There are 2 protein chains.
Amino acid sequence: MDRFLSSAINRIDSKGRVSVPAHFRAVVQKRGYGDLYALRALDVPALDVGGLDLLDRYEERIALEDPFLQTADDMSFFCHGDGAFLKLDQDGRITVTDFLREHTGIEAEVAFVGRGTFFQMWEPSRLKAHGEAVRARLLRLRQAAAANRRGESE
Amino acid sequence: MDRFLSSAINRIDSKGRVSVPAHFRAVVQKRGYGDLYALRALDVPALDVGGLDLLDRYEERIALEDPFLQTADDMSFFCHGDGAFLKLDQDGRITVTDFLREHTGIEAEVAFVGRGTFFQMWEPSRLKAHGEAVRARLLRLRQAAAANRRGESE
DNA sequence: TGGGCGAATATGGGCGTCAACGGGATCGAT
DNA sequence: ATCGATCCCGTTGACGCCCATATTCGCCCA
């Protein structure tokens with residue numbers, strides 16, 4: 001398996017370390033990621049974590065912008081400057097720095113969520129709330145679509 | 001790694017010196033930069049620091065301007081005249097001169113921010129404010145794009 | 001089908017190394 | 001002689017390395 005799938009919650013120890021789920025570590029190795037890179041997600045209190053190829057996508061996008069306009073600068077600032085390296089120690093743990101805690105609200109536990117080509121880190125209770133909100137939105141969407149279809153057929 | 005990534009905050013000592021993050025120093029060496037060159041960023045209170053190829057970028061920009069107009073002259077003055085060399089001592093520190101403090105408001109601490117091909121130096125609290133502004137702009141961009149897509153599909 | 005064994009994983013903590021930091025010593029220019 | 005810049009060394013604290021323990025889960029066998 002070469003994609004980040006499913007989720008897990010792990011505890012942060014007294015030294016501020018947390019184990020990355022073994023399954024994720026296997027994917028990291030299979031994909032040949034040396035270092036992990038974490039970005040603060042734009043609209044949710046979560047971190048997007050992946051290899052450096054995570055940046056490639058952003059850099060391609062930036063290349064489409066006029067490099068002398070503000071937007072290109074903002075994008076570069078966001079992906080180059082507002083990220084952090086997560087170094088796996090040889091037991092497969094990373095240290096949770098203030099940089100990570102600030103954006104996510106993480107304190108004692110971390111929820112790891114697979115997202116295919118990358119994974120996310122959440123504060124568990126916020127993840128739960130977010131998950132419920134996502135389900136509610138999708139449900140409304142589905143019901144709205146059904147209502148439209150009934151309306152059209154009349 | 002050959003790009004300037006992530007960020008760090010370091011203290012200025014009583015002699016006015018500050019350590020350039022070890023990770024950045026490694027990139028400097030890998031890129032073969034002898035001296036570092038610092039330019040005052042145009043629209044933010046930050047310094048753009050990199051090798052002399054940093055100038056290439058600005059010179060390309062100037063080349064796009066009509067040499068008979070004032071803008072080209074202004075730009076040349078800005079990038080050729082308004083920069084400073086930063087010499088790394090053998091512990092990897094630079095001295096923070098008034099030239100650097102003036103434009104940035106730096107006093108006791110320096111925030112180093114990777115930007116891919118170069119890095120920036122900020123006064124930490126100003127960096128924080130700027131970062132939030134950038135995120136807000138990017139979020140608006142994202143939401144505007146989502147609204148467009150909905151609009152098209154109707 | 002239930003119990004127990006063993007491997008893999010999560011977790012806790014001691015220890016060495018390195019980077020950031022502080023300050024004395026040296027050199028040179030004014 | 002003084003000031004400033006550079007070198008050099010010692011200290012400190014954070015982080016990575018290593019090993020020990022615990023807990024979970026799957027597997028095998030009775």
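Note that this is a predicted model, so its numbers are computed, not measured. A, B, ... follow the sequence lines: proteins, then strands. Residue 1 opens every chain.
When side chains are defined from C-beta on, A:V20 counts as touching A:I94, because their heavy atoms get closer than 4.5 Å.
A:S14 comes within 4.0 angstrom of sugar-phosphate atoms only, judged by non-hydrogen atoms across all strands, and of no base. When heavy atoms are screened at a 4.0 angstrom cut-off, A:S19 is found touching base atoms of the nucleic acid.
Separating the CZ atom of A:R93 from the P atom of D:dA20 is a distance of 14 Å, rounded to the nearest angstrom. The CZ-P distance, from B:R11 to D:dT11, rounds to 19 Å in whole Å. The interatomic distance linking A:L88 (CG) with D:dC17 (P) rounds to 10 Å, in whole Å. One can place CG of A:D13 at 18 Å from P of D:dC18, the figure rounded to the nearest angstrom. Regarding A:R17, its CZ atom lies at a distance of 11 Å from the C1' atom of D:dC18, rounded to whole Å. A:D98 places its CG atom 13 Å from the C1' atom of D:dA14, with the value rounded to the nearest Å. Put simply, CZ on B:F85 is 14 Å from P on D:dT6, counting in whole angstrom units. The interatomic distance linking B:N10 (CG) with D:dG13 (P) rounds to 16 Å, in whole Å.
First and last contacting nucleotides of DNA chain C toward chain A (any atom under 4.0 angstrom from a heavy atom, 5' to 3' order): C:dT9 to C:dC15.
In this structure, B:F112 and B:F119 have tilted ring planes: the angle between them lies in the 30° to 60° band.
For D:dG16, the OP1/OP2 oxygens have no side-chain nitrogen or oxygen of A:Q90 closer than 4.0 Å.
Nucleotides of DNA chain D nearest to A:D91 and A:K87 differ in position, and the one nearer the 5' end is that of A:K87. Comparing B:P21 and A:K15, the nucleotide of DNA chain C nearest to each residue sits closer to the 5' end for A:K15.
Look at A:K15 and A:D13 and you find no salt bridge, because none of the NZ, NE, NH1 or NH2 atoms lies under 4.0 Å from a carboxylate O. With respect to A:D82 and B:R135, a salt bridge is recorded, a charged nitrogen being found less than 4.0 Å from a carboxylate O.
A:L138 forms part of a hydrophobic cluster together with A:V134, judged by ILVMFWY side-chain heavy-atom separations under 4.5 Å.
Atom CZ of A:R3 has 12 or fewer neighbouring heavy atoms from other residues, nucleotides or ligands inside a 6.0 Å radius.
For residues 35-55 of chain B, the set of pairs meeting the side chain to side chain donor-acceptor pair (under 3.5 Å) definition, not counting sequence neighbours, comprises B:Y33-B:D53, B:D48-B:Y58, B:D48-B:Q120.
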